[in-house]
Amino acid sequence: GRNPRVVPAMEGDDEVSELVLAGYAEGKHLAQPEGPRGRVESFELTSEILGYAKEIKAWLPPGYDASQDRYPLLLVNDGAAWLDKGLLVTALDNLVGREMRPVIVAFVAAYDAWWEEAGGSRTEEYVRMQVEELVPALSERYRVASGPGIHPSFVSFNKVTTTSTIRVTRPIVAACWWSDQSIGQTP
């Protein structure tokens with residue numbers, strides 16, 4: 001018969017079968033959030049380095065407007081997939097303030113030819129865009145904690161790149177965070 005357990009495919013509106021083993025329990029971080037929630041704002045970043053615009057969606061933690069605190073910044077590549085299919089906003093709403101400290105999360109839209117930015121011919125330009133254009137733009141709009149550079153956070157790497165101001169690892173897939181503060185610490 002047909003597998004009754006399906007989940008949204010990462011691309012398009014298709015569904016794919018999901019295999020779970022005995023004893024599997026859905027993570028509590030994916031349950032419908034209770035209590036205060038963050039919010040998502042959008043803006044377009046026109047990149048001179050890349051030569052095209054990127055849609056940026058920023059998740060701000062609950063209480064952001066009532067606070068003057070500065071927050072670590074998490075950059076999430078392929079942002080639309082993580083927002084739509086990855087349920088990252090639901091996870092953030094459940095985890096921030098409970099199991100992890102408040103953070104600003106920037107979801108960076110994928111380029112149509114995403115493989116060029118994610119390990120291909122445009123990867124170094126993409127990293128430069130994040131360091132030289134995106135982080136400064138986010139820091140102007142939001143209260144981003146200052147830090148010494150981009151630190152890897154559940155990222156795949158294949159090269160270390162040095163720009164004129166900062167040494168960064170070259171992200172291939174998921175995300176990086178910008179701050180000298182750990183986001184895994186509980187508040």
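- Considering only heavy atoms from C-beta on, Leu87 stays 4.5 Å or farther from Trp82 through its side chain.
- Between the CG atom of Leu50 and the CZ atom of Arg128 there is a distance of 9.0 Å, given to the nearest 0.5 Å.
- Looking only at distances, no side-chain donor or acceptor of Glu41 sits under 3.5 Å from a matching main-chain atom of Trp59.
- The two residues Ala110 and Asp78 have their closest heavy-atom pair at CB-OD1, 3.5 Å.
- With contacts defined as side-chain heavy-atom distances shorter than 4.5 Å, the pair Val76/Leu88 qualifies.
- Here the OG atom belonging to Ser47 is positioned 6.0 Å from the CE atom belonging to Met129, to the nearest 0.5 angstrom.
- Between Pro33 and Thr90, some side-chain heavy-atom pair lies under the 4.5 Å cut-off.
- Using a 4.0 Å cut-off between a side-chain N of Lys or Arg and a carboxylate O of Asp or Glu, Glu124 and Arg122 do not qualify as a salt bridge.
- Side-chain atoms of Pro61 and Ile104, non-hydrogen and from C-beta on, do get closer than 4.5 Å to each other.
- Judged by distance alone, the side chain of Ser139 and the main-chain N or O of Val135 form a donor-acceptor pair under 3.5 Å.
- The two residues Leu73 and Leu138 have their closest heavy-atom pair at CD2-CD1, 3.7 Å.
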Next item on the list: Applying salt bridge (Lys or Arg N to Asp or Glu O under 4.0 Å), run through Arg39 and Asp65 and close with a yes or a no.
Entry: CA-CA 11 Å; Arg39 73 172 189 278; Asp65 293 324; 2.8 Å; yes
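- Checked against Lys54 for a salt bridge (Lys or Arg N to Asp or Glu O under 4.0 Å), the options Glu44, Glu117, Glu125 give a single hit: Glu117.
- Using a 4.5 Å heavy-atom cutoff, the side chains of Val108 and Glu55 are not in contact.
- Phe107 contributes atom CZ, which lies 7.5 Å from atom CG of Leu74 (distance to the nearest 0.5 angstrom).
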Note to self: I'd like to know whether Tyr71 forms a ring pair (Phe, Tyr, Trp, His ring centres under 6.0 Å) with Tyr64, so could you lay out the CA-CA distance, the side-chain angles of the two residues, the decisive distance to 0.1 Å, and finally the verdict.
What the structure shows: CA-CA 9 Å; Tyr71 300 91; Tyr64 178 85; 5.6 Å; yes
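- Between atom CD of residue Glu133 and atom CD1 of residue Ile49 there is a gap of 4.0 Å, rounded to the nearest 0.5 Å.
- In this model, no donor atom of one side chain and acceptor atom of the other lie less than 3.5 Å apart for Ser121 and Glu116.
- The backbone N or O of Asp93 sits nowhere less than 3.5 Å from a side-chain atom of Arg37 that would complete a donor-acceptor pair.
- Smallest separation of non-hydrogen atoms from Pro102 and Pro72: O-CD, 3.5 Å.
- Once rounded to the nearest 0.5 Å, the distance linking CZ of Arg101 with CG of Leu95 reads 15.0 Å.
- The side-chain contact (heavy atoms from CB on, under 4.5 Å) test with Val105 is passed by exactly one of Val96, Leu92, Leu60: Leu92.
- With no hydrogens or angles considered, no side-chain donor-acceptor pair links Asn94 and Gln32 at under 3.5 Å.
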